[in-house]
Amino acid sequence: MRNASAHITSTTQTGLDGLAVRLLGQPSPGIELYALLTANDPNVAGSTIYQTHRDKLLTAAGLIANG
């Protein structure tokens, strides 16, 4: 995601396409980072990919902060 946000090459696009398959469960050739982040998360009803992973990071940070 970091590389794709900075620049798109055939290598970064291939990585982003692979990530999209893993997260969305279907091929999305040529997907852009914004489209991936704002796509509905098929594993969490009513949530986007961004929201799901943001929530996981916030939960982990809270657990770490509170010991």
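Every value quoted in this text rests on a predicted model; they were computed, and no experiment measured them.
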Heavy-atom distance under 4.5 Å between the side chains of L37 and H53, does that happen here? no
Does any N or O in the side chain of S5 come within less than 3.5 Å of the main-chain N or O of R2, such that one atom is a donor and the other an acceptor? yes
Would M1 end up clustered with Y50 when hydrophobic side chains under 4.5 Å apart are linked, directly or stepwise? yes
Answer yes if the side chains of D41 and T52 hold a donor-acceptor pair under 3.5 Å, and no otherwise. yes
Might you work through the side chain to side chain donor-acceptor pair (under 3.5 Å) test for T38 and T48, ending with a clear yes or no? CA-CA 5 Å; T38 57; T48 64; over 6 Å; no
Side chains of I31 and L24, heavy atoms from C-beta outward: is any pair under 4.5 Å? yes
If you apply the rule side chain to side chain donor-acceptor pair (under 3.5 Å), what do you find for Q13 with D17, and how did you get there? CA-CA 6 Å; Q13 187 63 55; D17 289 349; 2.7 Å; yes
State, to 0.1 Å, how close E32 and L16 come at their nearest heavy-atom pair, and which atoms those are. C-CD2, 4.0 Å
Would you give the length of the straight line joining atom CG of L33 to atom CD1 of I49, rounded to the nearest 0.5 angstrom? 11.5 Å
Are more than 12 heavy atoms, taken from residues, nucleotides or ligands other than Q51, located less than 6.0 Å from that residue's CD atom? yes
Validation row: V21, Q26 side chains within 4.5 angstrom (heavy atoms): no
Check T12, I8, T11, T9 against N3 for a side chain to side chain contact (heavy atoms under 4.5 Å, CB included) and give me the one that passes. T12
